[in-house]
Number of protein chains: 2
Amino acid sequence: MNADLPLVAILDDEPEIRRMLSDALEEAGFRTQSYARATEFEAGLKRSSPDVCLVDLGLPDRDGLALVHRLALESGAAIIIISGRAQVQDRVTGLELGADDYIIKPFDPTEVVARIRARLRKGRTESPSVSQTAHFAGWSAHFDRYLLIDEAGRETSFSHAEGEVLRLFLESPNRLITRAQMQESLGGAAGESFDRAMDVRISRLRTKLGEDPKNPRLIKTIYGAGYIFLGEVRWG
Amino acid sequence: MNADLPLVAILDDEPEIRRMLSDALEEAGFRTQSYARATEFEAGLKRSSPDVCLVDLGLPDRDGLALVHRLALESGAAIIIISGRAQVQDRVTGLELGADDYIIKPFDPTEVVARIRARLRKGRTESPSVSQTAHFAGWSAHFDRYLLIDEAGRETSFSHAEGEVLRLFLESPNRLITRAQMQESLGGAAGESFDRAMDVRISRLRTKLGEDPKNPRLIKTIYGAGYIFLGEVRWG
DNA sequence: CGCGATTCTAACGAATTCTTACAGCTTCGC
DNA sequence: GCGAAGCTGTAAGAATTCGTTAGAATCGCG
């Protein structure tokens, strides 16, 4: 009965689906309330205000779309439609009546959880919990803190320009990155002698990574072509 | 060139898809910008800040998920992934990395439009937080009492001007805040050299937060761009 | 080996940002 | 009112970032 956990209201007439959803959601850290019929569902809304409503459109006792429409107007909750009707037109009208998402049966509970999380994330002022960290060759690069941390835990800060280069490498490791691609990606305006600036950026980055100039192990220069960042990179 | 219309940035390497999307979106009342490659796309983001980003995951020059990840942290835009990969796991990781929606190819442009509308609708409804207290990095900021309280319960008062800056940071943590945004938000109407005043406000705030000038942990300067406030922030 | 093309890096300098000092202004207590 | 204290912007010099320059080092190719 933890009031801090987000509350998800489920409206579906099939018991197995209700069960499947509530199991998956509770395991994922949500509270749930299940309803089989629209009238019960609406009564429940008056007692508690859920953060997310999962609504099956194929209801026996009510026009699901009308319900969605009203929910969208009256409740602040995120509304996700679950439906067996897969036609584009169905989805479009559902979304236009105010739903925030539209999931087609049969569905995977994992995806439902992910979509609910995506909805809640936007609504909150809280920062997204996705970390912005890459691990490689004994280093951890924290792009949010502009910090490199080595195996021993020693910290080295890097500047924004250096970070741009490092990120570009870590996003495409073991792949040739041409100077042209870099220039474009790093906002290099026109093709003048911006090349030199990039050399310098990379040079500074290499020293921060403790590369041996004679024998760079991470950032390889491909003469006449560009650079390759070598190594296993893991994000997160 | 109506700046009031929402701007949608499209990133897809297939020309037909770009065309199809931009046609549908423009007919639906959006402005669009199309890009074939990630590097161009990122360069475009620096010039204009779209309200929605449509990103194809199958990019030739970059790991699409890494790009999405970064977008989610740095841009306030809604992010919609378009992908040929239909596996549940693909969708879940996409959403967990910060995407707001995930559309599978082949898709119907009408549905894309509807989903974009649904996203934008939610963004506008975002209710302003009425709480006057924020917690972050061991600090509690009480805006109603102009008081900062650290873990040990020691109190430090802050001024109105300092509070304006602090609130701006705490309302969008882990996101770049440009000097222009600050100036606008803090009512710095006149003064072209209002920038200096800004510097001083931030400097004073930093000392009150006990930041190490060499290595600020909370308020990072992005040379030539603005500032980022780092950390988990909880309001209330 | 020699030569031109390419890349590296140390040093410099312009732009930007930080910090300290100071002055004008408001607020508060008396 | 008066003076002290605090707030806030301006000014000025220090510090940082980062592109540019230039000379050295390296590479590819004969």
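Chain A is the first sequence line, chain B the second, and so forth, proteins listed ahead of strands; every chain is numbered from 1.
Protein atom CD1 of Ile202(B) is 15 Å distant from nucleotide atom C1' of dT8(D), rounded to whole Å. Counting to the nearest Å, the P atom of dC8(C) and the NZ atom of Lys220(A) are 12 Å from each other. Rounded to an integer number of Å, the gap from Asp195(B) CG to dT10(D) P is 11 Å. The CD1 atom of Ile177(A) sits 17 Å away from the C1' atom of dT7(C) (whole-angstrom rounding). Here dT7(C) presents its P atom at 14 Å from CD1 of Ile228(A), a figure rounded to the nearest Å. Taking atom CG of residue Asn215(B) and atom C1' of nucleotide dT16(D), one finds them 13 Å apart after rounding to whole Å. To the nearest angstrom, P of dA15(D) lies 16 Å from CZ of Arg206(B). Between the CD atom of Glu164(B) and the P atom of dC7(D) there is a distance of 14 Å, given to the nearest Å.
Each of dC18(D), dT10(D), dT17(C) was ranked by its minimum atom distance to the side chain of His160(A); first place goes to dC18(D). Of all nucleotides listed (dT8(D), dT7(C), dG9(D)), dG9(D) comes nearest to the side chain of Ala197(B). Here the side chain of Tyr223(A) is nearest to one of dT20(C), dT6(C), dT21(D), namely dT6(C).
Atom CD of Gln181(B) sits in a crowded spot, with more than 12 heavy atoms from other residues, nucleotides or ligands closer than 6.0 Å.
For dC18(D), the OP1/OP2 oxygens have a side-chain nitrogen or oxygen of Ser159(A) closer than 4.0 Å.
Contact check for Arg85(B) versus Leu57(B): no side-chain heavy atoms found under the 4.5 Å cut-off.
Within 4.0 Å of Tyr227(A), counting heavy atoms only, lie sugar-phosphate atoms of the nucleic acid but no base atom. In this structure, Arg204(A) reaches the bases: a heavy-atom distance under 4.0 Å links it to at least one base atom across the strands shown.
Residues Phe158(B) and Met198(A) each lie close to DNA chain D; by heavy-atom proximity, the contact nearer the 5' end of the strand is made by Phe158(B). Each of Arg201(B) and Lys214(B) was assigned the nucleotide of DNA chain D with the nearest heavy atom; the assignment lying further toward the 5' end belongs to Arg201(B). Ranked by how close their nearest DNA chain C nucleotide is to the 5' end, Ser203(B) and Arg179(A) are led by Arg179(A).
Side-chain atoms of Arg91(B) come within 3.5 Å of backbone atoms of Ala86(B) as a donor-acceptor pair (strictly under, hydrogens ignored).
We find that Asp101(B) and Arg115(B) are joined by a salt bridge, their nearest charged nitrogen and carboxylate oxygen being less than 4.0 Å apart.
Classification of the Phe169(A)-Tyr227(A) ring pair by plane angle, with boundaries at 30° and 60°, yields perpendicular.
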